[in-house]
Amino acid sequence: MFKRFRRKRLNPVLRDLLQETHLSVNDFIYPLFIKSGEGIKKEVDSMPGVFQMSIDEILKECVVLKELGIYSIILFGIPKVKDSIGSDAMCEHGIIASSIRAIKEVHPDMFVVTDLCFCEYTDHGHCGVLDPVLETVDNDITLDNLAKQAVIHVKAGADMIAPSGMMDGMISSIRKGLDKVGFSHIPIMSYSTKFSSAYYGPFRDVAESSPSFGDRRSYQMNPANRKEAILESLADEEEGADILMVKPALAYLDIVRDIKENSSLPLAVYNVSGEYSMLKMAGEAGVIDYEKVMMETMIGFKRAGADIIISYHAKEVAELL
Ligand code: PBG
Ligand code: ZN
């Protein structure tokens, strides 16, 4: 082993041999936002390059994704009708169940992950059923509904379930719900360490899911807490999660490393909407070299310990790889 890397005279082949971290198109899951209707492909002002699409457009988008080598997608639904409990999410004719069936029929080779939450489906925009007295989410009633939503998704053909609502006990409740009806082979990727973050701002435009009052601090995590962040993920591992996640990614790479070292489960990061928009806007303003900053950011996620990257940049990354 040589002691000094003579970088100034390093042979480029040796440089590649010594590279410790690598990006691959297989690392990525690409988010899609599905709106009910037909012929809809509407770019989101706050997220250039990200669209709300109707199912017919989503089917075309899958062709593009496969050409780029991206076979994993995570679905978010924007239903026609919202109500107090988010019924559309638990209905086999709801926007997500219908989308999964359509995608699986035309693109059976796509790996379809579904975001499991209620904030896009409730008229108040919170992640579950409200407790009228506390004016926040009723954890335990929401657990039953999450299990129902999971079964609806898997019956429609979902390959993996990704609960994002940070309800206590959500993993064991969903696991039991799925096992009971013969879906014990379906993995759960938990949004296990999800911070209460202002970086989700643009997502709430695209998913039309801003809470109509209050915020999500009663169920999402305080960004200041490191030990609690580890405990949250380990609790989900205990409950039977198959993949853990840290969200957002950029401001939390220390947490990614911590969880990687404390668990043997695969770990995902969610490179969220606000992180995407910051790079996009800075790139469009000519302030940074967008592609270089994007690739540097992605390799940073992997170096920190991420196995999977959920990112709106996935298509652009795939083009460069
Ligand atoms: C739903 C959900 C959110 C995101 C993923 N799933 C929004 C939220 O918690 O407010 C955010 C993703 C992003 O910002 O890109 N609970
Ligand atoms: Zn939610």
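Counting starts at 1 for both ligands and their atoms, following the listed order. Small disclaimer: the values here were computed from a predicted structure and weren't measured.
Both tests pass for Lys194 against the ring of Tyr200: distance under 6.0 Å to the centre and angle within 45° of the axis. Tyr191 does not carry Lys247 over the face of its six-membered ring by the limits of under 6.0 Å from the centre and within 45° of the normal.
A salt bridge is defined here as a Lys NZ or Arg NE, NH1 or NH2 lying under 4.0 Å from an Asp or Glu carboxylate O, and Lys260 with Asp307 meets this definition. Under a 4.0 Å N-O distance rule, the pair Lys82/Glu208 does not qualify as a salt bridge. Asp254 and Arg226 are not joined by a salt bridge, as no carboxylate oxygen comes within less than 4.0 angstrom of a charged side-chain nitrogen.
Close contacts of ligand 1 with Cys117, meaning ligand atoms under 4.0 Å from a residue heavy atom, involve 16 (N). Contact atoms of ligand 1 toward Cys119: 1 (C), 16 (N) (distance under 4.0 Å to a heavy atom of the residue). Near Phe76, with a cut-off below 4.0 Å to any heavy atom, the atoms of ligand 1 are 5 (C), 6 (N).
For Phe76 and Phe203, the gap between ring centers is short of 6.0 Å. Taking the centre of each ring, Tyr30 and His313 stay at or above the 6.0 Å mark.
A distance of 10.0 Å separates CG in Asn225 from CD in Glu232, rounded to the nearest 0.5 Å.
When heavy-atom distances to ligand 1 are checked against a 4.0 Å cut-off, Tyr276 has no atom that comes that close, whether in backbone or side chain.
Atom 6 (N) of ligand 1 has its closest protein heavy atom at Asp115 OD1, 3.3 Å. From the protein, the heavy atom lying nearest to atom 9 (O) of ligand 1 is Lys194 NZ, 2.6 Å. With respect to atom 14 (O) of ligand 1, the closest heavy atom belonging to the protein is Ser273 OG, 2.7 Å. Nearest protein heavy-atom neighbour of atom 10 (O) of ligand 1: Arg204 NH2, 2.5 Å.
Taking only non-hydrogen atoms, the option from Gln220, Met166, Lys247 nearest to atom 3 (C) of ligand 1 is Lys247. Of the listed residues (Phe118, Phe203, Tyr312), the one carrying the non-hydrogen atom nearest atom 7 (C) of ligand 1 is Phe203.
Because the distance cut-off is set at 2.8 Å, His126 fails to qualify as a neighbour of the Zn ion (ligand 2), as none of its N, O or S atoms comes that close.
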